[in-house]
**Q** 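One structure follows; several queries about it will come next.
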Amino acid sequence: MAIIGAGFGGIGAAIRCLQNGFDDLVVFERAAAVGGTWEVNTYPGAQCDIPSALYSFSFAPNPDWTRLYPLQREIQAYIARCAADFGVTPHIRCGHDVTDASWDDLAQVWRLTVNGSSFTADVLVGATGPFSEPSRPDIPGLDDFDGDVFHSAQ
């Protein structure tokens, strides 16, 4: 089994797979660490916009949130802690960008291209999340702007 993404979705899927006896799995994450949105969005003041009691896995509640709307670092640390506590960490491959996933009907496997190498998986879970690709606005003159321009996810 291959899981693409090590944010809430990918880590949650991996935890549930392991809990149900499916331990032949790998989690491919293109970033340098787990956390998805909470790993890449590190701008000052980044925080959750829903109450922390609702922003955790149902099977891993966190009674130790420091605030009602936790900051990015605390959420990212929670995801990493869950990955470690539930045994997912050894299955994670950070810095592994999946650039192609195609179903091979004859062989009944997924054929993946990851960092230029080939992998196969009988099951594929796409947990890339809604914010895995930054959306850049088409603003006239943006390319010619002399000031600093950045995207919160980069």
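Treat the numbers as computed from the prediction; the structure is a model and nothing was measured.
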**Q** Just how far is it from atom CZ of Arg73 to atom CD of Glu39, taken to the nearest 0.5 Å?
**A**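 So the gap between those two atoms works out to 12.5 Å.
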
**Q** Only counting residues at least two apart or in another chain, list the ones meeting side chain to side chain contact (heavy atoms under 4.5 Å, CB included) with Thr99.
**A**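 Side chain to side chain contact (heavy atoms under 4.5 Å, CB included) check on Thr99 returns Asp97, Thr113.
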
**Q** Let me have the donor-acceptor pairs involving side chains of residues 50-59, under 3.5 Å, with sequence neighbours excluded, atom names and distances please.
**A**
residue	atom	partner	partner atom	Å
Ser52	OG	Arg67	O	3.2
Ser52	OG	Leu68	O	3.3
Tyr55	OH	Trp38	NE1	2.9

**Q** Is there a path of hydrophobic side-chain contacts, each under 4.5 Å between heavy atoms of I/L/V/M/F/W/Y residues, joining Val26 to Val34?
**A**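 No: no chain of side-chain contacts under 4.5 Å links Val34 to Val26.
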
**Q** Would Ser102 and Asp100 count as a side-chain hydrogen bond (donor to acceptor under 3.5 Å, both in side chains) here? Give the steps.
**A** CA-CA 7 Å; Ser102 302; Asp100 187 63; 3.0 Å; yes

**Q** Is there a continuous path of hydrophobic side-chain contacts, each under 4.5 Å between heavy atoms, that joins Ile79 to Ile92?
**A**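 Per the 4.5 Å side-chain linkage, Ile79 and Ile92 are co-clustered.
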
**Q** Of all heavy-atom pairs between Ala60 and Tyr78, which one has the smallest distance, and what is that distance?
**A**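 Heavy-atom minimum between the residues: O-OH, 2.6 Å.
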
**Q** Hydrophobic cluster membership, with links at side-chain heavy-atom distances under 4.5 Å among I/L/V/M/F/W/Y: are Phe22 and Val123 in one?
**A**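 No.
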
**Q** May I have the step-by-step check of side chain to side chain contact (heavy atoms under 4.5 Å, CB included) for Asn115 and His96, ending in yes or no?
**A** CA-CA 6 Å; Asn115 290 2; His96 284 66; 4.1 Å; yes

**Q** Holding to side chain to side chain contact (heavy atoms under 4.5 Å, CB included), I want the full list of residues that pass it with Thr120, two or more places apart in sequence or in another chain.
**A**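 For Thr120 the side chain to side chain contact (heavy atoms under 4.5 Å, CB included) partners, ignoring immediate neighbours, are Val109, Arg111.
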
**Q** For Ile139, what residues pass the side chain to side chain contact (heavy atoms under 4.5 Å, CB included) criterion, not counting sequence neighbours?
**A**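 Checked Ile139 against side chain to side chain contact (heavy atoms under 4.5 Å, CB included); matches are Pro137, Leu142.
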
**Q** Decide if atom OH of Tyr69 counts as having more than 12 heavy atoms of other residues, nucleotides or ligands within a radius under 6.0 Å.
**A**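 Above 12, so yes.
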
**Q** Could you work out, with side-chain hydrogen bond (donor to acceptor under 3.5 Å, both in side chains) as the rule, every residue matching Thr66, not counting sequence neighbours?
**A**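 Only Glu74 meet the side-chain hydrogen bond (donor to acceptor under 3.5 Å, both in side chains) criterion with Thr66.
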
**Q** Side chains of Thr42 and Gln72, heavy atoms from C-beta outward: is any pair under 4.5 Å?
**A**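 A side-chain contact exists here, since the closest heavy-atom pair is under 4.5 Å.
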
**Q** Can you list the residues that meet the side chain to side chain contact (heavy atoms under 4.5 Å, CB included) rule with Ala32, with sequence neighbours excluded?
**A**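 Applying side chain to side chain contact (heavy atoms under 4.5 Å, CB included) to Ala32 gives none.
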
**Q** Scan for ring pair (Phe, Tyr, Trp, His ring centres under 6.0 Å) pairs involving residues 104-129, sequence neighbours excluded, and state none if there are none.
**A**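 For residues 104-129: Phe28-Phe119, Trp103-Trp110.
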
**Q** Give every residue pair that meets the salt bridge (charged side-chain N to carboxylate O under 4.0 Å, His left out) criterion with at least one member in residues 42-63, sequence neighbours excluded.
**A**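 Residue pairs with at least one partner in residues 42-63: there are none.
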
**Q** Is there a path of hydrophobic side-chain contacts, each under 4.5 Å between heavy atoms, that joins Val27 and Val98?
**A**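 No, Val27 does not connect to Val98 through the hydrophobic network.
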
**Q** Suppose we screen for salt bridge (Lys or Arg N to Asp or Glu O under 4.0 Å). Which residues come up paired with Asp146, at least two apart in sequence or across chains?
**A**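 By the salt bridge (Lys or Arg N to Asp or Glu O under 4.0 Å) rule, Asp146 matches no residue at all.
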
**Q** Can you list, pair by pair, the side-chain donor-acceptor contacts under 3.5 Å of residues 1-21, counting residues two or more places apart and other chains?
**A**
residue	atom	partner	partner atom	Å
Arg16	NH1	Gln19	OE1	2.7
Asn20	ND2	Arg16	O	2.8

**Q** When you compare the side chain of Ile75 with that of Leu71, does any pair of heavy atoms fall below 4.5 Å?
**A**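 Leu71 vs Ile75: side chains apart.
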
**Q** Counting neighbours of CG on Asp24 that are heavy atoms of other residues, nucleotides or ligands and sit closer than 6.0 Å, is the number greater than 12?
**A**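 No, the 6.0 Å shell around CG holds no more than 12 heavy atoms from other groups.
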
**Q** What distance do Cys94 atom SG and Arg30 atom CZ have between them, rounded to the nearest 0.5 Å?
**A**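 Answer for the SG-CZ pair, Cys94 versus Arg30, is 12.5 Å.
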
**Q** Tell me, please, which residues at least two apart from Arg81 pass salt bridge (Lys or Arg N to Asp or Glu O under 4.0 Å).
**A**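 In terms of salt bridge (Lys or Arg N to Asp or Glu O under 4.0 Å), with neighbours along the sequence ignored, Arg81 is linked to no residue.
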
**Q** Would you say the side chain of Leu112 lies within less than 4.5 Å of the side chain of Leu124, judging by non-hydrogen atoms?
**A**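 Of all side-chain heavy-atom pairs linking Leu112 with Leu124, at least one is under 4.5 Å.
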
